[in-house]
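Beneath this line is the structure, given in structure tokens, with notes to follow.
Sequence positions, counted from 1, serve as the residue numbers for this chain.
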Amino acid sequence: MPTGCGIRALWILNSHDAVVFSRRFPVVEKQWRVACKSENERNGGSVDSVALPYLPSDSELASSFAERKKREGSVRGFGIRVSQSAEGSDSWVDDPVTRHVISIYINKEEGQNYLLWPLILHMKSQFCILVLPLVELGHVDSYKELCKRSDCGNAVGGVDGSLSSLLLDLPSVTGAFMVAHAIGEIISGDMAEPEVIVNASPSVGGLLDSLTGSIGISSRAKPVAAPVASSTPSNTSVGAVSSDAMKIGSRPLDKDALRTFISSSMPFGTPLDLNASNIFTIKLNGFSSADLPPADVKQPAWKPYLYKGKQKILFTIHETVAAALYDRDEIPDSISVSGQVNCRAELEGLPDVSLPLIGLNSNRIESLSFHPSAQVPEQGADKQSVIFSPPLGNFVLMRYQASCGLGPPIKGFYQLSMVSEDEGAFLFKLSLMEGYKAPLTMEFCTLTMPFPRRRILAVDGTPSVGTISTTEHSVEWKILVSGRGLVGKSIEATFPGTVKFAPWQTQRFPYTKSFFGSMAEEDSDADTEPTNNMVNVEEYLMEKMTKDLPPVDLEEPFCWQAYNYAKVSFRIAGASLSGISIDPKSVSFFSTTC
């Protein structure tokens, strides 16, 4: 039935589970009703479908959503099977995906319960956004059967009949997620674009500012018996786990902005252009005869209106490093670079831009992808020109994967040993920017030692450089601070010390009685707090997902394998580590000719 992404309807609910905005798309909904009618005729009208043949009213949806929240324990739900899970519910499927792709049952007066699935749930500000994409009836029936099986969950993920395999057949779910996130950005005013940074004193007069930023390496400690530590690749930023409680105090819902965006970006329920900045700029500027391109020139979809004003174009090269450091002769260190060339072009008309990229054909480049507006016609020994007709606003011109011509920006190891039950001794030895020369500059460097299972009482030790600070569950070592960067030289940094923890004790977590029934007691040294009958679903999910991890040596009783690590965060500016660069004097512009 559906050949692309079609949206049947969407709803926005506030923190009181009341619908404050809704939109139905009759063109897409007609396809659903035709499919339901055909299925009914095929079965001679004797089979009652589990799927609702038409959309519920706002009040019906709000009531059913509130019932699901009560049944599942929170807005998103358990996501895993617990003692309170009922057969037919999302948590019965025993898959955390059901916290984002949910189902609700619509209760009709005749006593029939109809399943509404898949509903994409996205939480932004104090609002819940629900998007219902068009899928086939058979997919809804398959999910209904999945909710009754006893062998669901991650253990059978990826096999036939699992939720994962079912969602793989539904590309419309991906489109619905994009719609939900775009709407969330509009109602919160948080419309993010690729970052194009301009320094106060750019190196090439404002046209180009190249940087290597947001680079991070996570280190994971080995048992102390081993003389060195290893590290695992990590993304740059560590996002905080979002709670089920929605934030209060955000700006009110702008319904006019929503209507404008929906009618322009997804007319008749088919998503076309989800770039909110394009839509609102069109609304602000409108169209005139001067905005029309020449009759024989086709205006690209990524540039729906023409820019008027002062012309400029900016580029940045942004790279992220992933490294595994073993500090062993028999195991070589591994380091790779993922990067992107960001661009912001404010150019009148529909010009083509020729951008020579140096280093693109080197052996270090492993994979490349380009924006739909780009062509790659010219190639040289170590230079490749990309010709593109730039869209409006910030966009990613190119993404790539590459090996690093230099060694890791940070080398070293981390050792940790328990000298008693409540005291550990640690040692860091790091080498920063070894082999790196100007203009490469390390702007800041911070190391964090998390102890999520122990409460820190005191830390004793003095680093060779920088300062330390502590929180209840972590130690932070600021090796380099902003404003005191490291240029054209390397430094050695060491930090030996001890950390003392609160006495180890056994406690029952406060949420075990209220929603999760009887659970085994867990070890922790956190102070016992009174039960507040609230569910911390994120904590429980992490507890369940990591409970089967094999423990490390008894020398480190407070650390599971997933937690025994230290994280180094730093940023390097001045050039790219992959060797890719841009010559601003070689950038060319070609005006559209009639």
Side-chain angles (χ1 to χ4, degrees), residues 1-14 19-32 52 55-56 58 61-62 65 75-76 97-104 116-136 139-140 143 166-194 242 246 250 253-283 301-302 304 372 391 393 395-396:
M1 175 179 61
T3 57
C5 178
I7 305 299
R8 294 175 58 193
L10 60 88
W11 297 268
I12 300 177
L13 295 86
N14 61 17
V19 176
V20 294
F21 182 89
S22 64
R23 183 69 180 267
R24 293 161 174 80
F25 300 95
V27 173
V28 178
E29 182 61 16
K30 183 178 180 180
Q31 300 179 49
W32 175 260
L52 187 65
L55 291 171
D58 288 353
L61 182 125
F65 183 76
V75 174
R76 289 203 182 277
V97 174
T98 57
R99 289 168 51 81
H100 307 277
V101 183
I102 70 170
S103 67
I104 62 175
L116 199 62
W117 183 89
L119 273 173
I120 307 305
L121 171 62
H122 178 54
M123 297 167 62
K124 193 72 173 182
S125 258
Q126 74 267 37
F127 300 106
C128 287
I129 303 164
L130 298 176
V131 180
L132 179 64
L134 179 66
V135 297
E136 295 184 7
H139 291 129
V140 180
Y143 184 76
L166 179 60
L167 292 178
L168 283 174
D169 292 334
L170 299 175
S172 59
V173 170
T174 302
F177 268 110
M178 295 175 65
V179 170
H181 280 260
I183 291 176
E185 291 174 353
I186 292 170
I187 63 179
S188 66
D190 181 22
M191 291 177 285
E193 291 183 315
S242 58
M246 291 176 288
S250 300
L253 189 66
D254 188 345
K255 295 184 179 181
D256 288 338
L258 276 174
R259 293 188 186 100
T260 298
F261 174 75
I262 291 171
S263 61
S264 303
S265 64
M266 43 190 300
F268 309 110
T270 302
L272 298 178
D273 183 3
L274 297 177
N275 189 325
S277 61
N278 283 350
I279 303 301
F280 292 125
T281 304
I282 293 172
K283 180 184 178 182
W302 54 81
F395 70 100
V396 179

Practice problem: Could you walk me through whether C128 and V75 pass the side chain to side chain contact (heavy atoms under 4.5 Å, CB included) test, one step at a time? | Solution: CA-CA 9 Å; C128 287; V75 174; 3.6 Å; yes
Quiz item: Is there side-chain contact between H122 and V131, with at least one heavy-atom pair below 4.5 Å?
Solution: no
Quiz item: What pair of heavy atoms forms the shortest contact from F65 to I104, and how long is it?
Solution: CA-CG2, 4.4 Å
Quiz item: Any side-chain heavy-atom pair from V135 and P118 closer than 4.5 angstrom?
Solution: yes
Self-check item: Smallest separation among heavy atoms of F261 and S265, with atom names
Solution: O-OG, 2.5 Å
Practice problem: State the NZ-CD distance between K124 and E185, to the nearest 0.5 angstrom. | Solution: 6.5 Å
Quiz prompt | Inter-residue atom distance I12.CD1 - D58.CG, 0.5 Å rounding | solution = 11.0 Å
Quiz prompt | Straight-line distance of F127 CZ to N14 CG, nearest 0.5 Å | solution = 7.0 Å
Self-check item: L55 vs L61 side-chain heavy atoms within contact, under 4.5 Å
Solution: no
Practice problem: Take T98 and Y143, measure what side chain to side chain contact (heavy atoms under 4.5 Å, CB included) needs, and give me the verdict at the end. | Solution: CA-CA 11 Å; T98 57; Y143 184 76; 3.9 Å; yes
Exercise. Going by the side chain to side chain contact (heavy atoms under 4.5 Å, CB included) test, name the single residue among L10, I7, I186 that passes it with I262.
Key: L10
Self-check item: Any V101 side-chain heavy atom under 4.5 Å of L121 side chain
Solution: no
Practice problem: To the nearest 0.5 Å, tell me how far S263 OG sits from R23 CZ. | Solution: 6.5 Å
Self-check item: Within-4.5 Å side-chain heavy-atom neighbours: P171 and C5
Solution: no
Exercise. Report yes if some heavy atom in the side chain of F25 is under 4.5 Å from a heavy atom in the side chain of T270; otherwise report no.
Key: no
Quiz item: Closest approach of I129 and A180, non-hydrogen atoms and distance?
Solution: CD1-O, 3.7 Å
Self-check item: Interatomic spacing from NE2 in H181 to CZ in F177 - rounded to 0.5 Å
Solution: 6.5 Å
Quiz item: Do you know the tightest heavy-atom contact between V19 and A62?
Solution: CG2-CB, 4.0 Å
Quiz item: Can you tell me how far CD of E136 sits from OG of S172, rounded to the nearest 0.5 angstrom?
Solution: 9.5 Å
Practice problem: Measure from the side-chain N and O atoms of S103 to the backbone N and O of W117, and report whether any donor-acceptor pair falls under 3.5 Å. | Solution: no
Exercise. Search all heavy atoms of R99 against all heavy atoms of R76 and return the closest pair with its distance.
Key: O-NH1, 3.1 Å
Quiz item: Hey, does L130 have a side-chain heavy atom less than 4.5 Å from the side chain of I102?
Solution: yes
